[in-house]
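The basis for the numbers below is simple: all heavy atoms, side chains too, and nothing from hydrogens, waters or symmetry mates. What you see is a predicted model; the values in this text were computed from it and never measured. Numbers restart at 1 for each chain; the letters A, B, ... are given by sequence-line order, proteins then strands.
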Amino acid sequence: MLARNIRSQLLFIAMMPLLLVVAAVSVFMLSESLDDIESSLERRGNDISTQAVLMSEFYFYTGDVQRLSEIAGILINIDAVSSVRFVDVNNKILAEQSKHNTVINKDRLFIIPIYSKDVSPDEVSALAGIEEDQEERLGQIEIALSRDEHSSLREKAYLRIMVVAVSAVALGIFMVYLFGRRLSASLSNMAASAKEVKMGDLSSRSPEDGEGEILELQRLFNRMVGSLQENEVQLQNRIAQATKSLNESVDELSQKNTQLEQQRQEAIELERSKAISDERARIMKDMHDGIGGQLVASLAMIEKEKNSEIRDNISSALRECLDDFRLIILSLNVSDSNLQALLADFKYRINKKLSKLNIDMRWQVDNGVDAVNIQPQQSLHLLRILQEIFANILKHSGATEVVLSVSILDEKVQLKVDDNGVYKAPDGQGGHGLKNMQWRAEEIRGSFDIKQNDSGGAAVEVVFPVLQ
Amino acid sequence: MTARYLLLLALLFGSLPGFADIHILVPEQSKSLEAAAEQIKTEMRSRGIAEDELSIRYGLQAPAEGFDKTDLLLALGPKAANFALQHGQQNKIVFSFVEEAFIREATEGRKVGSWAAIVINQPLQRMYALAELLLAERSNKTVLIPNSLNNALLNKQVEELSQNEALQLIHRSIEPNARNISRLEDEFYQAAMVLAPLDNELWRGKNARLLLHQAYSYQLPIVAHSRAFTKAGAMLAVYLSKEQVAKETADLVKTWQAADSFAQDAIVYPEANLEINDNIARALRYKPELIRQQLQQPEQKQKILGRQSRAR
């Protein structure tokens, strides 16, 4: 659409002056040609007249009509001459020749007067008083020239000018079409690029195939689109940065929210723990003051009795109950226990039993164990597992030596108990004791394993993670 | 006593030509002759003639007391010539810019040696010599000289030339009209050249045109006496210029001043010039360059174009 409009406008703008110029030139050429034709006719007439004067002048002087008739006969044979007439000073026709019966109006008539021309005296003769004679008119020659030949020349001139004008206009249209096409093609390409830019394709560029101001316009357009593209990239980068910053803020907020939630959960947990702790403390106090007191009182009362097997058994049972009670009380303690201290307490209490059965106890605890703390529930589970292991050793193994080793390996506590007794593999899935140990190991997110060692005794291994 | 001596000296030296006045007579309303007078005056001064001895009298008015008989009258043109003859009967007169026939007639009966004339005519001898040169290599040496019946001067000159055998002359004295001219066909046919001397009745006006036309019709070259004829169709002309007449006049006056008289030959024909119509010459198969070259030779130049004079 744009190209068609520009091309049409170019055609109009270029053709109007061209048509005017062609028209003006054609009129000028036509005028010149017609003038040339007329001048040619004039020259021809003058030449023939001059010739006729030269040929007839003498016979005008002498009045030789016969010779004038002969000259008229010669002149009439000239192509363009249609009639010749010699007339004397009294308008008497001396001789006449004509190709037509009547004078044709379109013929061009040349009338040449004949004078008796003097040979002018020269300068010195004039000084001596020799005067120039007056000219005397002797008659005239009338020569009519036909315009037929010149009419055809005129028609040829019309045709020639028409051909030249049409050729000029055709060539002009062709040239305007070529240049217009070239110019409009450049503008069309630029318009197409502008549309693509409008559609958002800022990488679009106009081909720089124009010339002059069009080329400058294309370059400016491309620079403008390039600037837009750079601005777009910068804008996108800024948006990306802002988005990134916003996302980071959101993440930060999310993290803070999570942290707040954690804190809130921790607060809730703390409150719950505190409530549990308080309840535990109350239960522990109640149990300590109530059950513990009753056990201590019962133990004191039974120990006041006379020595007897019953008193010893009851006293021993009470003491075990009291130990177990202490252990429960200890598990109910809110604060974490030191693993080293816990194991030392257990060693103290189990050594009495081992000593009674003459079983040696070897204690191998690494130095790193001293830095390990465990929660009260873990303490309870671990002590219950140890109680069960040593209970089995005391009851079934027949061992004489027990080795308890504790080490820290890869942030895990590795506890091993080996005895030199007789290991009896459990039947099927094992008894309740073995299941409870496995369950308790799992409760402390650890593992439990029992197998026969090289000495034929049992080798128990409990591995659980160190609390962070 | 002293006064008597002074009067005697005045009488003695006053009669010498060197102290006589020269009056240049110029008719009124003739710018060309006035210019010629100035030119002659300049030429005379260049020959040592004193300024106070010269006077130009415009309008042909004589002094109230008349011309002193010792004065020289220099008459320019026929009117001045008539005036000088009328008012200077006792004076010496130099005529310039006059025709030979006119001056011969006007000075009829005047004392020989009392006048001299620079004439504008070309002597027929000069034209004859030129024709002789031009026809030297041609077999036909016939020359036609037509003149008017009443031109006694030309008739006499032709008669004199007829004594020469170098050329064969056809002399025709005719009544100057077209009919008589057209009747000269045989003469034109026989001739190899036509001489056109100054003849105010035949070689003038339409008669001259007719003669030129006839000559050209018969392919005959015309040797004319005036440059105007070469423009009208003559092949060649011997002619005078104003400067040459002025110089010749000044020389003649100087001669008079030196000797108080003129030479025996009272008619002077100044040195002439030659003009050739090259186109006509080539059309008639003459070579203009060769003619000019021949006339550059001193002998031919003097013989044909040189100064000539003739007795009354």
Review point. Is any side-chain N of the basic residue among B/Glu28 and B/Lys79 closer than 4.0 Å to the acidic one's carboxylate O?
Key: no
Check your understanding: Can we say A/Arg44 and A/Asp79 salt-bridge, meaning some charged N sits less than 4.0 Å from an Asp/Glu carboxylate O?
Key -> no
Region of [X] in contact with chain A, defined by heavy-atom distances below 4.5 Å:
X	result
B/Gln244	neither
B/Ser241	backbone
B/Leu76	neither
B/Ile181	neither

Review point. Between A/Lys99 and A/Val81, is there a donor-acceptor pair closer than 3.5 Å when you use the side chain of the first and the backbone of the second?
Key: yes
Practice item. State whether the side chain of B/Asn121 and the backbone N or O of B/Tyr269 hold a donor-acceptor pair below 3.5 Å, judged by distance alone. Key: no
**Study point:** Closest non-hydrogen atom pair between B/Ile120 and B/Glu99, with its separation
**Key:** CD1-CG, 3.9 Å
Review point. Between B/Pro78, B/Ala232, B/Gly77, B/Ser30, which has the largest tally of heavy atom pairs under 4.5 Å with chain A?
Key: B/Pro78
